[in-house]
Amino acid sequence: IVPGAGKGIDFSAQTPTSATGATTTAEILDHYEEGSWTPVFQNVNTPTYTTQYGIFTRVGRMVLLHGQLTVSGLDTSDGSTVNIGGFPFVGNSTAETCLFTFGRYTNLLSDSKLADFSNVRFGGNYAMLHEGNNADISYAECNSSGTLQFSISYMMN
């Protein structure tokens, strides 16, 4: 199967959802892609990276990113919000939400700061780390070196 514009794997023979309040808008799987991307810390003086690793899978409008950022020098005097960017696809940021989870190594953030982490603000091509109700986690609250592993999942427009 080689999909072209407006073509793909057609699931229209199935019965669309009948859930209350739900509407089916598409039944053609028209995109699949895997690859690599380069995550970055945004809005901070250029960190000294030792690892910038990222892989992605895109199925239709759904994007799943895995990444690791390791730095040996991070400007911890910067009070701006920890901001992970460089996403390979721009997502739908209308609700400012995405799924975000940390991986095993998160020693760039202290244990107490990890305990305070509660959510992210999704901007379509970046995720900003927050604690509590919309309070930023700043670069000033990070260690000057360490690793941050993460996964992010979001929908494109």
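For clarity, every value in this text was computed on a predicted model and none was experimentally measured.
One finds the CD atom of Gln149 at 8.5 Å from the CZ atom of Arg104 (value rounded to the nearest 0.5 Å). Rounding to the nearest 0.5 Å gives a distance of 8.5 Å between CG of Leu65 and OG of Ser151. Atoms CG and CG, on Asn143 and Asn107 in that order, are 7.0 Å from each other to the nearest 0.5 Å. Between atom CD1 of residue Ile152 and atom CZ of residue Phe150 there is a gap of 5.0 Å, rounded to the nearest 0.5 Å. To the nearest 0.5 Å, the span separating CZ on Phe41 from CD on Gln52 amounts to 9.5 Å. Leu108 CG to Ser145 OG: the interatomic distance, rounded to the nearest 0.5 Å, is 7.5 Å.
Residues Val59 and Leu29 form a side-chain contact, since some pair of their non-hydrogen atoms from C-beta on lies under 4.5 Å apart. Contact of the Glu33 side chain with the Thr57 side chain is not registered, since no non-hydrogen atoms from C-beta on lie closer than 4.5 Å. Counting heavy atoms from C-beta on, the side chains of Tyr49 and Val40 come closer than 4.5 Å.
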Show me, pair by pair, the donor-acceptor contacts under 3.5 angstrom made by side chains of residues 114-128, not counting sequence neighbours?
| from | atom 1 | to | atom 2 | distance (Å) |
| --- | --- | --- | --- | --- |
| Ser118 | OG | Gly132 | N | 2.8 |
| Ser118 | OG | Gly132 | O | 3.0 |
| Asn119 | ND2 | Gly132 | O | 2.9 |

Show me the donor-acceptor pairs, under 3.5 Å and distance only, between side chains in residues 84-101 and residues at least two apart or in other chains.
| from | atom 1 | to | atom 2 | distance (Å) |
| --- | --- | --- | --- | --- |
| Asn92 | OD1 | Thr94 | N | 3.0 |
| Asn92 | OD1 | Thr94 | OG1 | 2.8 |

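The backbone N or O of Asn83 sits nowhere less than 3.5 Å from a side-chain atom of Thr81 that would complete a donor-acceptor pair.
Side chains of Asp78 and Ser80: a donor-acceptor N/O pair is present below 3.5 angstrom, by distance only. Donor-acceptor pairing under 3.5 Å is recorded for the side chains of Gln68 and Thr70.
Asn157 CG: more than 12 foreign heavy atoms inside a 6.0 Å radius. Within 6.0 Å of CZ on Phe102 lie more than 12 heavy atoms contributed by other residues, nucleotides or ligands.
The two residues Asp136 and Glu141 make their nearest non-hydrogen contact at O-OE1, 3.7 Å. Nearest approach of His130 to Ile137, heavy atoms of both residues: O-CD1, 3.7 Å. Contact record, Pro39 with Gly54: CD-N, 3.9 Å, taken as the closest heavy-atom pair. Scanning both residues, Cys142 and Leu109, for their nearest heavy atoms gives SG-CD2, 3.6 Å. For the residue pair Tyr139 and Val82, the shortest heavy atom distance occurs at CZ-CA, 3.7 Å. Taking each heavy atom of Pro47 and Val71 in turn, the nearest pair found is CB-CG1, 3.8 Å.
Under a 4.0 Å N-O distance rule, the pair Glu131/Lys113 qualifies as a salt bridge.
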Problem set entry | Intermediate values then yes/no, side chain to side chain contact (heavy atoms under 4.5 Å, CB included), Phe56 and Leu64 | CA-CA 6 Å; Phe56 71 83; Leu64 175 62; over 6 Å; no

For this session: Would you please test Ser77 and Asp75 for side chain to side chain donor-acceptor pair (under 3.5 Å) and show each step?
Result: CA-CA 5 Å; Ser77 68; Asp75 181 0; 2.5 Å; yes

